[in-house]
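We count residues from 1, following the sequence as given.
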Amino acid sequence: MYETGDFIIYGNEGVCKVEAVGIPDIPIMGKKRLYYTLLPQYQDGKIFAPVDTKTFMRHVITKEKAEELIEEIPTVKAEIYENNNMRFLSEHYQSFFESHKCSDLLKLVRDVYLKESDARERGKKLGQVDEKYMRRAEELLHGELSVALGIPKEEVKDYITKSVEGKN
């Protein structure tokens with residue numbers, strides 16, 4: 001079980017803070033089931049999730065794991081995935097989200113950045129599906145790294161850039 005104050009990843013919502021664990025004072029929810037009251041860190045609202053939910057949950061990675069992940073960025077092999085069928089392209093990108101691992105989100109971002117660079121060289125633009133999934137992956141990844149590193153989400157991209165450039 002998670003405890004009040006823990007930062008967790010909840011499904012594809014991203015980082016949430018556990019505000020409470022218990023039976024919410026909401027009549028329609030009944031009085032027999034324990035819930036986590038979750039506060040999404042980068043969106044408005046509250047989430048009431050049953051403690052025994054099947055929705056994926058895990059603790060946010062540690063600062064050490066975040067720094068290791070950033071250190072490994074230059075070694076992540078990027079590959080361009082081309083498919084004119086939007087459904088197949090979406091399914092390919094969606095598969096990166098299913099593991100709920102930062103390393104998979106990082107791989108997706110690297111792949112799409114390479115695809116964008118390749119498209120630019122050919123005088124083309126990146127497709128909407130590619131952009132959508134890259135933005136979502138960056139959003140989730142930067143949100144988790146922000147909490148793990150203890151820095152504002154807006155500073156994560158610069159932090160990554162400086163860390164990677166400092167190694168070269």
* To do: Show your reasoning for whether side chain to side chain contact (heavy atoms under 4.5 Å, CB included) applies to Thr37 and Val18.
  => CA-CA 6 Å; Thr37 303; Val18 179; over 6 Å; no
* To do: Assess whether side chain to side chain contact (heavy atoms under 4.5 Å, CB included) is satisfied between Leu39 and Lys46, documenting all intermediate values.
  => CA-CA 5 Å; Leu39 298 175; Lys46 281 187 183 182; 3.5 Å; yes
* To do: Go through the steps to decide whether Arg135 and Glu131 satisfy the test salt bridge (Lys or Arg N to Asp or Glu O under 4.0 Å), and finish with yes or no.
  => CA-CA 6 Å; Arg135 267 196 318 273; Glu131 281 186 24; 3.6 Å; yes
* Please step through salt bridge (Lys or Arg N to Asp or Glu O under 4.0 Å) for the pair Lys107 and Asp111, ending with a clear verdict. => CA-CA 6 Å; Lys107 172 90 171 96; Asp111 289 356; 2.8 Å; yes
* Verdict with reasoning, Cys16 to Phe7, per side chain to side chain contact (heavy atoms under 4.5 Å, CB included) -> CA-CA 6 Å; Cys16 293; Phe7 285 99; over 6 Å; no
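Under the 4.5 Å side-chain contact rule for hydrophobic residues, Ile47 and Met1 share a cluster. At a threshold of 4.5 Å between side-chain heavy atoms, the hydrophobic network of Ile, Leu, Val, Met, Phe, Trp and Tyr places Phe96 and Val76 in one connected group. The hydrophobic cluster containing Leu69 also contains Phe97, counting ILVMFWY residues as joined when their side-chain heavy atoms lie under 4.5 angstrom apart, directly or transitively. Residues Leu106 and Val147 do not share a hydrophobic cluster, clusters being chains of Ile/Leu/Val/Met/Phe/Trp/Tyr side chains in contact below 4.5 Å. Cluster annotation: Val60 is not connected to Leu140 through the hydrophobic network of ILVMFWY side chains, with a link wherever side-chain heavy atoms come within less than 4.5 Å.
Rounded to the nearest 0.5 Å, atoms CG (Leu89) and CD (Gln128) are 11.5 Å apart. For the atom pair CD (Glu91) and CD (Glu98), the distance works out to 9.5 Å, reported to the nearest 0.5 Å. Of the inter-residue distances, the one linking Leu145 atom CG with Glu67 atom CD reads 10.5 Å to the nearest 0.5 angstrom. Interatomic distance, OG of Ser103 versus CD of Glu72, reported as 8.0 Å (0.5 Å rounding). Rounded to the nearest 0.5 Å, atoms CD (Glu165) and CG (Asp158) are 9.5 Å apart.
Here the side chain of Asp104 pairs no donor or acceptor atom with the backbone of Ser99 at under 3.5 angstrom. Listed for the Arg58 side chain is a donor-acceptor partner under 3.5 Å among the backbone atoms of His100. Distance alone, capped at 3.5 Å, places no donor-acceptor pair between the Glu144 side chain and the Ile9 backbone. The closest donor-acceptor contact from the side chain of Glu19 to the backbone of Lys17 lies at 3.5 Å or more, if one exists at all. Remark: side-chain polar atoms of Asp6 are paired, donor with acceptor, to backbone N or O of Glu3 under 3.5 angstrom. With Glu138 contributing its side chain and Leu105 its backbone, the two residues share no donor-acceptor pair below 3.5 Å. When atom types are taken as modelled, the side chain of Lys132 and the backbone of Gly127 share no donor-acceptor pair closer than 3.5 angstrom. Side-chain N or O atoms of Tyr36 include one that pairs as donor or acceptor with a backbone N or O of Tyr2 at under 3.5 Å. The closest donor-acceptor contact from the side chain of Ser117 to the backbone of Tyr113 lies at 3.5 Å or more, if one exists at all. Ser90 places no side-chain N or O within 3.5 Å of a backbone atom of Arg87 that could act as its donor or acceptor partner.
Between Glu139 and Lys153 there is no salt bridge, since no side-chain N of the basic residue sits under 4.0 Å from a carboxylate O of the acidic one.
The two residues Pro74 and Glu71 make their nearest non-hydrogen contact at CD-O, 3.3 Å. When all heavy atoms of Ser163 and Ile70 are compared, the pair lying nearest together is CB-CG2, 3.6 Å. Closest heavy-atom contact between Leu149 and Ala66: CD2-CB, 3.9 Å. When every heavy atom of Pro50 is checked against every heavy atom of Tyr35, the shortest pair comes out as N-CD2, 3.4 Å. Shown here for Leu114 and Ala78, the closest heavy-atom pair between the two residues is CD2-O, 3.6 Å. Shown here for Met57 and Thr53, the closest heavy-atom pair between the two residues is CE-CG2, 3.3 Å.
Looking only at atom types and distance, the side chain of Asn83 has no donor-acceptor partner in the side chain of His92 under 3.5 Å away. Side-chain atoms of Ser146 and Tyr42 include a donor-acceptor pair closer than 3.5 Å.
The salt bridge (Lys or Arg N to Asp or Glu O under 4.0 Å) test with Asp118 singles out one residue from Arg120, Lys115, Arg122, and that residue is Arg122.
More than 12 heavy atoms of other residues, nucleotides or ligands sit less than 6.0 Å from atom CD of Glu79. More than 12 non-hydrogen atoms from other residues, nucleotides or ligands lie less than 6.0 angstrom from CG of Asp52.
Looking only at side-chain heavy atoms (C-beta outward), Tyr133 and Val112 stay at 4.5 Å or farther from each other. Asp130 has its side chain out of reach of Glu116: every pair of non-hydrogen atoms, C-beta onward, lies at least 4.5 Å apart.
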